[in-house]
Structures are given as structure tokens and as C-alpha cells.
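As C-alpha cells, the structure follows; a few thoughts come after it.
So you know, we letter chains A, B, ... as the sequences are listed, proteins then strands, and number each from 1.
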There are 2 protein chains.
Amino acid sequence: MSSSDRVESAIAERREIVNEAITEQLPVQKPERLYAASRYLLDAGGKRLRPTILLLTAEAISGVEPFDAEYREFPSPTGEEVDVLSAAVSIEVIQSFTLIHDDIMDDDDLRRGVPAVHREYDLETAILAGDTLYSKAFEYMLDTGAPAERSVEALDELATTCTEICEGQALDVDFENRGDVTTDEYLEMVEFKTAVLYAAAASIPAILLGSDDETVDALHGYGLDIGRAFQIQDDLLDLTVPSDTLGKQRGSDLIEGKRTIITLHARDQGIDVESLVSEDPTEAEIEAAVETLEDAGSIDFARKMAQDLVESGKERLEVLPDGESRELLESIADYLVERGY
Amino acid sequence: MSSSDRVESAIAERREIVNEAITEQLPVQKPERLYAASRYLLDAGGKRLRPTILLLTAEAISGVEPFDAEYREFPSPTGEEVDVLSAAVSIEVIQSFTLIHDDIMDDDDLRRGVPAVHREYDLETAILAGDTLYSKAFEYMLDTGAPAERSVEALDELATTCTEICEGQALDVDFENRGDVTTDEYLEMVEFKTAVLYAAAASIPAILLGSDDETVDALHGYGLDIGRAFQIQDDLLDLTVPSDTLGKQRGSDLIEGKRTIITLHARDQGIDVESLVSEDPTEAEIEAAVETLEDAGSIDFARKMAQDLVESGKERLEVLPDGESRELLESIADYLVERGY
């Protein structure tokens, strides 16, 4: 198997386990409309990348070979059993809550190929479904059976992460109205809005399983690095992949005037990014705009930044014992910037 | 001082301390628009009834006379110091988050005499401000310095409470479309939507200060009882207090067809509640409707239920040591059903 096939199959295998756990931990109970709406987006799909990272990290820390472990009774190196699957569900549920509320805020119609929750249900139910997932995520993180000191630390990481996601979203909105956003500010926004949840996914299993601070910090850094790389790759794909493959209009960020690390770099090179494309551009117009960005070195700048982040993230994994799980975590980092869409 | 003067002054004194703590713990920091929106409703007013109950319970448990205590270093009977003020802020912040999201869901324009957050700011900022307060509340509850076992238990109570508030709100919406709601179902909805946060406010200090399970359960029950009584009194005031005093149209629940314990009882007596008043009724029409409800025994039924709940709540306080703080908690229970508006 190629490295990317191995990653995809590792994700797929864990996705199935995470999906079963979601069905078990978040049943559609009374009031049924609320819980059906809370499950709607989770059931519609999703790679389960963050919970996969969480489970792989747990495997690596405990020295358990993939799938030799019962995730509900995961052996902590210090002797206790920890339900790391409940922590994995918690992280995925937080991700789902943010998507539901983000779709309301952006008034997006579609998500994962189905109507957004506020379209399929209504605004009221969508706000409430997000709020329910929010507290459920805290319940799941409290339910791992880890020693109290570690649970408190994991909860603290989760709460701080959620606050930062909100701050990142607020910065993103704020930036839309500002012409003077720096690349550093943009990267901080991406860190908060996107990367911190990867950092939580990678570091929380270490906290729950009793790893030392150095390991927890390194895994947190791994998550931040690959989360930022993931977002930069998203920005690159928007420009470089044909609309057919992308499943949406190529260059949509340019058309919508969205700031990305690429357009910010180009602006700093003196390019008038706003007038690169018209409102309803032809494919040739977009091609020309991308060439301008390439000539300015902005595409290469972003590619190199993503690649550097991935290398940095992989280096941080050296705190983990050698083995298949650590290799998979390294491959996931590569996969995030190698994926074609 | 009369009993209700004593209660009002006890609440006012603690309100000031809670308000200072909110300013300290939730500063308007970057991103400023987000934090200004998060503070907006908290700064607009509010009695701080729930944090007052939390602080009084802590005083009673520790045997500390009111205001002899430094709430940031509250003496636990088992020897540790606990920052109960941070827990009090947490509860108030949860209350504020639910109000912000409720106002969006009900599309209400005003709250505490100022525009609702989604009116003063916008929908996006209001959703995000609520979400920020949500995770901040968990951060504050993690920040009391209580031993980890107790923090975990307090967090669990907080998370479960938030889930139940969402469920209660969903049931309330659901009931609007149902003609066959029973009084038991209504009381369960009130328990979830309103009373559980009083229960959390009364029981969490006991958890943090290391009280036994019997005390924690009794205080939880006190909160549920007085929370339900509070809601029933609200329903009664809507019918019995002149519009001038009430600050809103008398009988608005009847006009809007809202179910209350009073209208559900009347319906069970065979009264056609829907046609008691017209869409834009005169004061005389409302007076006649209230007389019908009185003749059916529905007003007395509700009054007695509220009074019974208050008595039950006060009895549960017997787990606390005698003293001024316990007396104030008893008086607060009375105050909730004696208040005129």
C-alpha cells in the first residue's frame, strides 16, 4: 500500500469505530427533534480526522498496536483504564457544533452534501442543537474514567479550545472589514479558528493517559502545526484544482474577496488582489489570476509554509515511541498537504 | 427590617460583589467586539439571584457569617480554600448565555430594558457571544482551586444542567404545537428550562466545599423546588398584576396562547382557554378571563402549588447548619412567591 492509501485506510477503520460510538453515546432520545437535529450533520458524513488523530496518539503513547486495543478500556501506562473513545467522540461533537453554528452565521445552505441544519430544521432548532452538542462534549470528556486530576486538565484544554475557536471566528469576521490584515494576524486567526481543535485532539489523550508535560506540549504543537498546514492547503486547493474536482467554483476565495495567506502575500508584493478577477470570471480569467499569484511567488510561499509546518509537526512526534501509530500520525501530516481536494 | 427588605438587601450586597468579579474575570479584550457583546447583557442589569444563592449556600456550609468571608478564598470545612466567587460567576454567565440565545430564538427585541444582543450587534455576533460565554463558564468553574475530585463533580453538574436547559427549551417549543400537554409534562419542562440552574447554584458550592451526598442532594432539591415556584409565580403575576406595574401587557400569556400551569389546569376543568380573550383585549375582557380562571380554581391551584414547592424547598434546607445565611435562603424561597412583579 502507498503511504496515502495506508493513511486513508487507517482513517476509514477508525471512522467506523467512532461512528458506532456516536450512535451509542448520542442516541436520538426525547426531545426527539432536538436530538435528531444534533445528530443530523454527524450522520451526514465527515472524515473523523480529529478523533482518528486522538486514537492514534493514544495508541502510540500506550505502545498498543493499532486495533489490538479496546478503546473503551484503554491501558494507561500508569495502570488505569481510560475510555479514550469517549474523548474522541467529544472532539468530533465539538467540531459538529461549530459547523452548525458557523453555517447559521455564514447563512450557508449546504454542508457535507446535505442541507445545513438550520435549513433542514430551522434557526431555533439549529442554535439549540449546537448548544446541546456543546454541553454533551463536556459530558463525554468527563466520562473517560481517567483520574480526576487528568480529567480536570483535559476539561480545561477543551474549554480553552472552545473559547479560542469562538475568538478565531470573531477575528475572521473582523478581518473581512479590514484592509490591513498582516500574515501574522491571519495565521493567528487560523490557529484559533482551526488549528486548536487539532491540538486538543492530539494532546488530550496524552493528558488522560498521564504523559509528562513535555509530551503533552509537543503533541499540542503537532496539532497546531498540522491544523495550520491543513488550512493553507485548503487555500491552495481553491486556486489550483479544477472546479469539477473541487466540487465548487475554482478561485471562489478570489471571487468572494476572502483573505488567505496567498492573497495577503501577493498584496505585500504590491499586487492589487481585489481586481484580479471579475464577479463572474471565466476559467481563463482565473487561470491568469493564478499565474499572477505564481509570478509574485505567493503560491510557492504558501506551499513552502505548509510544508514547513508539516515538517515541524512531524519532528514534534519524536516524543512518541517508535511504531506504526506514530508513523501513521506522521503520514497524516503529509497527507494533509498532499491531498488533491 | 422586614423579611423581604432583608432579602433584597442581601441580594443587593452580593450583586455588587458578583458584578465586580464579572468585570475582573470577563474583561473586554481582543477580539473586542466579541467580548463587548458577551458582556453587554451582563452589564445591562439582572438581580444576580442565582449567584447570590450560591454564595449564601457556601456561607451556610462553612458556617461563615455573611461578609466575614473572602469569597475568593473560601474556607472549606475540610481545610482547603475554594474560590466560590468564580463558581458564582460561572452560573451567572451560563444564565446570560441562555438569555442571548433565547432572545435570538424568540426574536425578542428587548431584554433588561436594552436591545437584545442580536439587535444591538447582529445575529452572528450574538450566537458567538453566547458560545463564548458557554466555554468561559466551564473555565470559571475549573478555576475554583477545589480538589480535582470535587471540580470534576461540579463540572459534571454544570454540563448536565446545560444539556437539560437545552432540552427544556426544546420541549417548550414542542409544546406550542401540541394541544395535549399534561401538567406533569409542563412541570418537567419548567424543571429543565428554569429550575435546574437554581439547583446547580445551590448544590455546586456544597460539591466544591466537600459536603456529603445527602447535603448536595437536598440543596439540589431546594433549587428545583424554588425554581419551579419562581416560574409558577411568573405565570400568576402575568394574570394578576396591572400592566403598569408588570411593565408589560397583563394577560400576555393568554393573548399569545402560551401554556402555563394555570391554563392547563383550566383546560382540564373543561374551559376553552383559547377563546377566553380576543387578540387585542380590553382590560375588562382580561378581568373577566381571570375571573373565569379563578372560578375554575386554576389560580388557587397554581398558588397552592407554588406555596407547596416553597415549603418543600425550605424543609430541604434543614441539612444546613442554623444561622443567618440559611435563614436568608429560606427567605429567598418565600420572596420568590411573594414578590409582586
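Contacts between residues 173-205 of chain A and chain B, defined by a heavy-atom separation under 4.5 Å, are made by A:Val173, A:Glu188.
Between chain B and the residues A:Ala148, A:Ser151, A:Ala170, the most heavy-atom pairs under 4.5 angstrom are made by A:Ala148. In terms of non-hydrogen atom pairs under 4.5 Å with chain A, the most contact-rich of B:Thr160, B:Leu133, B:Asp131, B:Asp143 is B:Asp131. Annotation: maximal heavy-atom pairing with chain B below 4.5 Å, among A:Glu149, A:Arg150, A:Arg33, occurs at A:Glu149. Of the listed residues (B:Pro31, B:Ala137, B:Ala37), the one with the most heavy-atom contacts under 4.5 Å to chain A is B:Pro31.
When all heavy atoms of B:Ala159 and A:Leu142 are compared, the pair lying nearest together is CB-CD1, 4.5 Å.
A 4.5 Å side-chain heavy-atom check between A:Leu171 and B:Lys30 finds at least one atom pair inside the cut-off. B:Glu124 has its side chain within reach of A:Asp106: a pair of non-hydrogen atoms, C-beta onward, lies under 4.5 Å apart. For the pair B:Lys136/A:Thr163, a side-chain contact is recorded, criterion being any heavy-atom separation below 4.5 Å from C-beta on. Here the side chains of B:Leu123 and A:Ile104 are in contact, with some heavy-atom distance below 4.5 Å.
No more than 12 heavy atoms of other residues, nucleotides or ligands sit less than 6.0 Å from atom CD of A:Glu214.
A distance of 11.0 Å separates CD in A:Glu139 from CG in B:Leu155, rounded to the nearest 0.5 Å. With values rounded to the nearest 0.5 angstrom, A:Met105 atom CE is found 5.5 Å from B:Ile127 atom CD1. Rounding to the nearest 0.5 Å gives a distance of 11.5 Å between SG of A:Cys166 and OH of B:Tyr134. A:Gln169 contributes atom CD, which lies 10.0 Å from atom OG1 of B:Thr132 (distance to the nearest 0.5 angstrom).
Contact annotation for B:Glu157: neither backbone nor side-chain heavy atoms come within less than 4.5 Å of a heavy atom of chain A.
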